[in-house]
Amino acid sequence: TGNFALLAGVRPKEVHEWYLMVYADAYEWVEAPNTIGMSQFADGGLLGSFFCDVLMEQMPGHDLCILNSGGLRKELPVGTVTYGQLYDVLPFGNRAATLEISGRVLLQLLRIATSGAHGPPQVAGLTLRVDRGLDPCPTEDRDGDGSLGTTDRNRLVGARLASGAEIDPDATYRLLTNSFLAKGGDAWRPVLDRVHPDRIRIHNNEIPIRDLIASWMRQKAPVLNSADNETVPTPRLILEGTESGDLCPSEGAPTGHPPH
């Protein structure tokens with residue numbers, strides 16, 4: 001539902017409130033995570049991008065960071081944040097992970113992350129431009145999983161690093177992400193299966209991402225989301241165009257070759 005709101009250009013919070021008003025059996029503890037939380041956020045990925053900033057500060061030596069919207073399950077309240085409130089936002093025990101990958105692989109992961117199959121990516125160290133009207137019904141098995149689907153869409157029209165440089169397909173980048181994505185979640189598996197295992201490291205010896213962020217918050221004691229202290233002043237995910245709404249009869253159809 002949250003992803004639908006993003007694609008339709010509707011505020012997820014309004015959809016959440018509509019559910020509670022229309023359906024007598026709609027419980028807020030169910031609707032809030034699945035409508036507001038799973039959409040995190042229709043704001044250019046500000047909350048997760050803020051978390052990426054924090055993680056890159058806590059774990060230096062990375063070029064960029066990508067987190068998934070599905071790992072964020074609630075809005076972060078204005079003001080001083082308690083651990084319980086942070087837990088509500090990040091209820092999963094994901095660990096940090098480091099991927100040493102080529103720019104070519106990175107661009108493929110970014111293409112999947114911006115395909116509309118899942119919520120918008122949450123990023124640090126780069127800015128993305130996405131045209132939601134492009135490639136509604138892909139005809140090329142771009143992720144190599146043996147079938148056609150939404151993750152094969154190519155809607156990424158621009159990707160620049162924090163320096164302003166474009167991603168070099170032949171360069172090597174150190175990507176900070178979470179254990180869910182590093183294990184192939186959100187359709188990353190077909191791409192990461194072709195990356196040497198030595199290039200993928202999950203930091204199981206570290207505390208969960210939630211606690212890394214909590215540690216930073218205890219040290220900095222920030223008052224977040226106030227008018228003079230936005231979490232991320234400039235959106236890093238620039239959305240253009242509108243979803244076509246076309247039905248794609250080839251969804252899930254085999255491509256005639258096995259996954260590799």
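Along the sequence shown, residues are numbered consecutively beginning with 1.
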Problem set entry | Salt bridge Asp143-Arg153, side-chain N to carboxylate O under 4.0 Å | no
For this session: Quick one: closest heavy-atom pair of Leu156 and Leu107, and the distance?
Result: CD2-O, 4.4 Å
For this session: Quick one: name the residues clustered hydrophobically with Leu134, using the 4.5 Å side-chain heavy-atom rule over I, L, V, M, F, W, Y, and just say none if it's on its own.
Result: Val157
Exercise. Under the ring-ring contact (aromatic ring centres under 6.0 Å, His included) rule, what pairs show up with a residue in residues 179-222, not counting sequence neighbours?
Worked result: Phe50-Trp216
Exercise. Can you tell me how far the CZ atom of Arg111 sits from the CG atom of Leu128, to the nearest 0.5 Å?
Worked result: 13.5 Å
Exercise. Should the pair Arg132-Glu243 be classified as a salt bridge under the 4.0 Å nitrogen-to-oxygen rule?
Worked result: no
Exercise. What's the shortest heavy-atom distance between Leu67 and Gly48, and which atoms?
Worked result: CD1-O, 3.9 Å
For this session: Examine the side chains of Tyr83 and Arg210 and answer whether a donor and an acceptor come within less than 3.5 Å of each other.
Result: yes
Exercise. So do Ile238 and Val130 actually touch side chain to side chain, heavy atoms under 4.5 Å?
Worked result: no
Exercise. Under 3.5 Å, is there a donor-acceptor pair linking the side chains of Asp168 and Tyr173?
Worked result: no
For this session: Consider only side-chain N and O atoms of His118 and Ser69, and report whether a donor and an acceptor are under 3.5 Å apart.
Result: no
Exercise. Taking 4.0 angstrom as the limit, do Arg199 and Glu100 come out as a salt bridge?
Worked result: yes
Seminar exercise, completed: Between Asp145 and Pro190, the two heavy atoms sitting closest are CB-CG, 3.8 Å
Problem set entry | Reference residue Arg142; test side chain to side chain donor-acceptor pair (under 3.5 Å); the match among Asp152, Thr151, Asp135 | Asp135
For this session: Could you pull out the closest heavy-atom pair between Pro121 and Thr114, with the gap in Å?
Result: CG-CG2, 3.9 Å
For this session: Would you check if Arg160 and Leu126 make a side-chain contact, meaning some heavy-atom pair closer than 4.5 Å?
Result: no
Exercise. Which value, rounded to the nearest 0.5 Å, describes the distance between Thr150 atom OG1 and Arg155 atom CZ?
Worked result: 8.5 Å
Problem set entry | Non-hydrogen atoms of Leu148 and Thr139 that approach each other most closely | CD2-C, 3.8 Å
Exercise. Is Asp88 salt-bridged to Arg73, cutoff N-O under 4.0 Å?
Worked result: no
Problem set entry | Pairwise side-chain contact, Leu110 with Ile167, heavy-atom cut-off 4.5 Å (strictly under) | yes
